[in-house]
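These notes concern the structure reproduced below.
Hydrogens, waters and symmetry mates are skipped; everything else that's a heavy atom, side chains included, is used. From a predicted model like this one, the values you see are computed outputs, not experimental measurements. Throughout, residue positions are numbered sequentially from 1 according to the sequence presented.
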Amino acid sequence: MFKNVLINEDHDAVLANITKILGELHVESIEKSQYCDEAYLKLKKGVLDAHPFDLLITDLSFKQDHRDTTLVSGEMLIEKLREEFPDLPIIVYSMKDQLQKIRSLLNTYHINGYVCKDRKGSIELAAAIEAVADNAIYVSPQVAKALSPKSQLEIDDYDIRLLKMISQGQSQDDISSNLKLYGITPNSLSTIEKRLNKLREQFKANNAIHLVAITKDLGVI
């Protein structure tokens, strides 16, 4: 079982519940943070103090307040941690249940567990901690399809990038220029137009605005 666990969660009741679960699993040391920046610093300090954390449990969504933060979401934290701590076991405990998001976390950032906050969340989180301690991957049953091949309505990272740029108000010319600037291919206007037309057909959207609205509702972007 894990010995030194960091919980990154900004709701006191959920934080207390996770702490209780870890206590019942006989985890020796439990630290808490309520901001992603704070979690990152605690993880760094743990290494410097020769007392590194061997598990992170984090939410994805964090409410903004008066405090200035650089890492504003659990996903941003995970992305940064995977650059510096590629082997750190990470379990996400979140209300989000979009398969595209979960699959990205599993395949891109190689998280070790994904647990949905719902009626059985506490039971599943305990099961996830035990599974990850045994070097297994755990995903809540209701979103287990995230481990399967993509469905017809799911898309790749390039398409998601295009949708995010469209949602930011960028024109196809802007998108082409920005893709070229960062060396991302394909970046021709004709290819971008074809991909966006394909996405509109795929999601049965009437126009770009409708496409962005649909994909936001589905949690794709």
When clusters are formed by joining ILVMFWY residues with side-chain heavy atoms under 4.5 Å apart, either directly or through shared neighbours, do [X] and [Y] land in the same one?
X: Tyr182; Y: Ile192; answer: yes
X: Leu60; Y: Tyr35; answer: no
X: Leu181; Y: Ile175; answer: yes
X: Ile137; Y: Leu81; answer: yes
X: Ile160; Y: Ile184; answer: yes

In residues 214-221, what donor-acceptor pairs under 3.5 Å come from side-chain atoms, sequence neighbours left out?
residue	atom	partner	partner atom	Å
Thr215	OG1	Leu211	O	2.9
Thr215	OG1	Val212	O	3.1

Identify the heavy atoms of [X] and [Y] that sit nearest to each other, and give their distance.
X: Ser29; Y: His51; value: OG-NE2, 4.0 Å
X: Arg161; Y: Leu179; value: CD-CD2, 3.7 Å
X: Lys164; Y: Ser167; value: O-OG, 2.6 Å
X: Lys96; Y: Tyr114; value: O-OH, 2.6 Å
X: Ala208; Y: Ile166; value: CB-CG2, 4.2 Å
X: Thr19; Y: Lys32; value: OG1-CE, 3.3 Å

Treating [X] as the side-chain partner and [Y] as the backbone partner, does any N or O pair qualify as donor plus acceptor under 3.5 Å?
X: Asn112; Y: Ile90; answer: yes
X: Ser140; Y: Val143; answer: no
X: Ser176; Y: Asn187; answer: yes
X: Ser73; Y: Met76; answer: yes
X: Asp65; Y: Arg67; answer: yes

[atom1] of [X] to [atom2] of [Y]: how many Å apart, nearest 0.5 Å?
X: Lys180; Y: Ser188; atom1: NZ; atom2: OG; value: 7.5 Å
X: Leu71; Y: Leu77; atom1: CG; atom2: CG; value: 6.0 Å
X: Ser33; Y: Leu41; atom1: OG; atom2: CG; value: 9.5 Å
X: His110; Y: Asp87; atom1: NE2; atom2: CG; value: 11.0 Å

Practice prompt. State whether the number of non-hydrogen atoms from other residues, nucleotides or ligands found under 6.0 Å of Ile209 atom CD1 is greater than 12.
Written response: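 No.
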Worksheet item: For Asp68, does the CG atom have more than 12 heavy-atom neighbours from other residues, nucleotides or ligands under 6.0 Å away?
Response: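 Open.
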Discussion item. Just to verify, which of Arg195, Arg200, Lys194 counts as forming a salt bridge (charged side-chain N to carboxylate O under 4.0 Å, His left out) with Asp159?
Written reply: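 Going through the options one by one, the only one that passes is Arg195.
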Fill in: Derivation and outcome, side-chain hydrogen bond (donor to acceptor under 3.5 Å, both in side chains), residues Asp174 and Ser177
CA-CA 5 Å; Asp174 294 333; Ser177 297; 5.8 Å; no
Side chains of [X] and [Y] in contact at under 4.5 Å (non-hydrogen atoms):
X: Gln142; Y: Asp97; value: no
X: Asn17; Y: Ser122; value: yes
X: Phe85; Y: Leu56; value: no
X: Asn8; Y: Asp59; value: no
X: Lys80; Y: Cys36; value: no

Practice prompt. Could you list all the salt bridge (Lys or Arg N to Asp or Glu O under 4.0 Å) pairs where at least one residue sits in residues 119-129, not counting sequence neighbours?
Written response: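 Found none.
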Discussion item. For residues 42-58, which residue pairs pass the salt bridge (Lys or Arg N to Asp or Glu O under 4.0 Å) check, not counting sequence neighbours?
Written reply: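 Listed by first then second residue: Glu31-Lys42, Lys44-Glu84, Lys45-Asp49.
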Discussion item. So, using side chain to side chain contact (heavy atoms under 4.5 Å, CB included) as the criterion, who are the partners of Asp12 when residues are at least two apart?
Written reply: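 Applying side chain to side chain contact (heavy atoms under 4.5 Å, CB included) to Asp12 gives Gln34.
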Item to complete: Please name the residue in the list Leu88, Val92, Thr108 that meets the side chain to side chain contact (heavy atoms under 4.5 Å, CB included) test with Ile78.
Response: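 Per the side chain to side chain contact (heavy atoms under 4.5 Å, CB included) rule, the option paired with Ile78 is Val92, out of Leu88, Val92, Thr108.
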Worksheet entry | Sequence-distant partners of Asn207, side-chain hydrogen bond (donor to acceptor under 3.5 Å, both in side chains), two or more places apart |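 Applying side-chain hydrogen bond (donor to acceptor under 3.5 Å, both in side chains) to Asn207 gives none.
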Worksheet item: Could Glu9 and Lys117 be called an ion pair, given the rule that one side-chain N must be under 4.0 Å from one carboxylate O?
Response: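 Here Glu9 pairs with Lys117 in a salt bridge, since their nearest N and O are under 4.0 Å apart.
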Worksheet item: Got a sec, which hydrophobics cluster with Val115, joining ILVMFWY side chains under 4.5 Å apart, including via others?
Response: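 Noted: Val115 shares its cluster with Met1, Phe2, Val5, Ile7, Val14, Leu15, Ile18, Ile21, Leu22, Leu25, Val27, Ile30, Leu55, Ile57, Ile91, Tyr93, Leu125, Ile129, Val132, Tyr138.
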